[in-house]
Amino acid sequence: MADPVLRLAGIRKTYGRGETASEVLHGIDLRLEPGEFAALIGPSGSGKSTLLNLIGLLDRPSAGQLSIGGEATGGLDDAGLTRLRGRHIGFVFQHHHLIPAFSARENVALPLLVARGRPDAAMFARADALLERVGLADRRHQPADRLSGGQQQRVAIARALAMQPALVLADEPTGNLDTRSADAVFGLLREVNREAGTSFLIVTHDPRLARRCDRIVELVDGRIVADAPNRPD
Amino acid sequence: MRPWMPFELIAALRFLREGRTQSVLIVVGVGVGVAVIVFMSALLSGLQSNLVRRTLSSQAHVVLLPPEEVARPQGDPARAALHLQRQAQRLRSIDQWQPLRDRLQTWPEIAAVSPVASGPAFAIRGDANKAVTLLGIDPERYDRVIPLAGRLNAGELRVGSGEAVIGIELARELGAGVGDKLRLTTAAGAAETLTVSGLFDLGNKGVNARNVYVGLRTAQTLLDLAGGVSSIDLALHDLDRAEEVARRIAAGTGLTADSWIRTNAQFVTALTSQRVSSNVIRFFIALSVAFGIASVLVVSVIQRRREIGILRAMGATQAQMRRIFLLQGAIVGLLGSLLGSALAWSFLAGWRLLARDGAGSPLFAIDVEPALVGIAAGGAGLVGILAAVLPARRAARLDPVEAIRG
């Protein structure tokens, strides 16, 4: 069987030290297989964002093992984590987080530019194809901050896919959007998942969205209290 | 995006362009600092080279004199008299001066060699009687050390037999003009009547009142230096090496060699301290420019926290983030130095219009040398990079989780 996209074993995260130390995650075990489309739900303060940051290699766990695509991350330094993150993980944030100094197309090409060091025609061709895929081919030369919220989030999705990552982490990807845009954005994520086999882990507290995922992982007070397959309606 | 540009440069340029107001303000700030430095440097070097030129208009770069005569008591030095009378220095010739002249002529550092027979004399015309310095020269050679021909007010530089060239001050005191006669006598009693063939103005009242140029042979006869010369004047290609050249000649020949640097020690010290104080001023201007760049970049790191976080999440390494901010410092420095050089150039153009003497000719020549602009650009780029070190480190160390959330 292929390596899981993501494997967590006994992950703990403690903030502060000594008297004031507080543990936010109390031993998380989780596997995500290639092509899975999972929702991570839970009330505010349950540790969802913390867990997502650990999985995204933006932060280090206090204890436990975390591997991405079969590669253990415990022994990696910052440069090693950055390389692994760049290659295997795409991010979609709640506040779409595009870089306003760059156009839509340049934003999509940025992960490739960061990885390769210099611009080339291939990365813009890929960016154009991805913008086409998210339906924004005609907006590609617009500065990122001139796009509507829904458009910006679609650009962010295109950007998250630029490196063909095995795993896309989405933190409240539709949290800032009206219902119609939210539906369109979510539908796009699902399509990409089906077409490219990309795994998704989507943090949401919108039960409507969670019900449309294949699997629902529920986190309460830093522990996984439920993890079950779900049949999307 | 140009294909040759590395990612860091692209990001640095975009960030600077996006924060336009800030970028323009700091580039102008750097520009003003650079302009002051360039303007001051050009002014100072113009002023100093002008002063040096004026000082050296009547002085050789190096003067060779016969070695000092020392009393050498005979017999056992231990039993010699306790007090030794210092010997008076007679006017003597330099031994073997012709071969020495020819040898020195071949040195690459030396531009011109001019043997001179000089000594004290009196110039007499009618009832007027003035103490003067008699200089016997070979005019062609001498003119290459001290450009006399170009400083003549009247007549010409001709010192054949029975001819003399005197300064305008002496001419005034003696009431003599070109074609008039004057009589030269020496302390030893030798005398000759000469015709004034030219009047010079070397820009120094003392020299204009004192120097009387005659032919080498005339001076030799008057000063009782048959066939000899009392000194050899040298002109060098590089003024600043005068002391070193003088020392080498002294060591090689046993002659006394005085460089203009030693002869004008106080003047040279004044020039040096002027340079030192201007360097201090330049250093502090560079320091304040550096603090200006650093403060703008620190603010920019704070403003761009979120973008730094996103770039980090997309796989940008700490080193890449650091380079983006170092480059911003370098670009601000370079642009500022270009602006500053242009400003300095226009200041100098204005200066040239304003700083003129009564006759309307410029007080002295100042120019922005292209090398100075290059140095300013390189220096400002370097200052920019150094100023960016701290902000760049902050950008690199920013915690991406914090940055994205903020």
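Labels below follow one simple rule: chain letters A, B, ... track the order of the sequence lines, proteins then strands, and each chain is numbered from 1.
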K.L.:
Quick one: pull up CG in B:Leu311 and CG in A:Leu110 and give me the separation to the nearest 0.5 Å.
P.N.:
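One finds 6.0 Å between CG of B:Leu311 and CG of A:Leu110.
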
K.L.:
Go through the atoms of B:Glu307 and report whether side chain, backbone, both or neither lie under 4.5 Å from a heavy atom of chain A.
P.N.:
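Looking at B:Glu307, backbone and side chain both touch chain A.
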
K.L.:
Tell me if the CD atom of A:Gln65 is crowded by more than 12 foreign heavy atoms within 6.0 Å.
P.N.:
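Result for CD/A:Gln65: open.
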
K.L.:
Would you sort out whether B:Met5 and A:Arg118 count as a side chain to side chain contact (heavy atoms under 4.5 Å, CB included), showing the intermediate values?
P.N.:
CA-CA 6 Å; B:Met5 273 197 196; A:Arg118 278 170 212 277; 6.0 Å; no

K.L.:
Would you indicate whether A:Glu191, at its atom CD, is surrounded by more than 12 heavy atoms from other residues, nucleotides or ligands within a distance under 6.0 Å?
P.N.:
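Result for CD/A:Glu191: enclosed.
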
K.L.:
Identify whether the distance between the nearest side-chain nitrogen and carboxylate oxygen of B:Arg397 and A:Asp78 falls below 4.0 Å.
P.N.:
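No salt bridge links B:Arg397 with A:Asp78.
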
K.L.:
I'd like to know whether CZ of A:Arg126 has more than 12 heavy-atom contacts from other residues, nucleotides or ligands below 6.0 angstrom.
P.N.:
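Result for CZ/A:Arg126: enclosed.
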
K.L.:
In terms of heavy-atom proximity below 4.5 Å to chain B, should A:Pro100 be classed as side chain, backbone, both, or neither?
P.N.:
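It is both, since atoms from each part get that close.
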
K.L.:
Is any side-chain heavy atom of B:Arg312 closer than 4.5 Å to a side-chain heavy atom of A:Arg85?
P.N.:
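Result yes, sub-4.5 Å side-chain heavy-atom pair found.
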
K.L.:
Could you tell me if the side chain of B:Ile310 sits less than 4.5 Å from the side chain of A:Phe91, heavy atoms only?
P.N.:
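Contact flag for A:Phe91/B:Ile310 side chains = no.
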
K.L.:
Where does B:Arg304 contact chain A at under 4.5 Å (heavy atoms): side chain, backbone, both or neither?
P.N.:
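B:Arg304 has no heavy atom closer than 4.5 Å to chain A.
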
K.L.:
Between A:Leu112 and B:Phe7, is a side chain to side chain contact (heavy atoms under 4.5 Å, CB included) present by the stated rule, with each step listed?
P.N.:
CA-CA 10 Å; A:Leu112 295 159; B:Phe7 154 67; over 6 Å; no

K.L.:
Are more than 12 heavy atoms from other residues, nucleotides or ligands located less than 6.0 Å from atom CZ of A:Arg7?
P.N.:
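No, CZ of A:Arg7 has 12 or fewer neighbouring heavy atoms, counting only those of other groups under 6.0 Å.
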
K.L.:
Measure the spacing between CD of A:Glu106 and CD1 of B:Ile10 and express it to the nearest 0.5 Å.
P.N.:
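Going from the CD atom of A:Glu106 to the CD1 atom of B:Ile10 covers 8.0 Å.
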
K.L.:
In terms of heavy-atom pairs under 4.5 Å, which option from B:Pro6, B:Ala313, B:Gly315, B:Pro400 contacts chain A the most?
P.N.:
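Among B:Pro6, B:Ala313, B:Gly315, B:Pro400, the one with the most close pairs to chain A is B:Ala313.
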
K.L.:
Is it the case that over 12 heavy atoms from other parts of the model lie below 6.0 angstrom from the NE2 atom of A:His26?
P.N.:
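It does: A:His26 NE2 has more than 12 such atoms within range.
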
K.L.:
Hey, could you give me the CG/CD distance between A:Leu58 and B:Glu402, rounded to the nearest 0.5 Å?
P.N.:
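Result: 11.5 Å between the selected atoms.
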
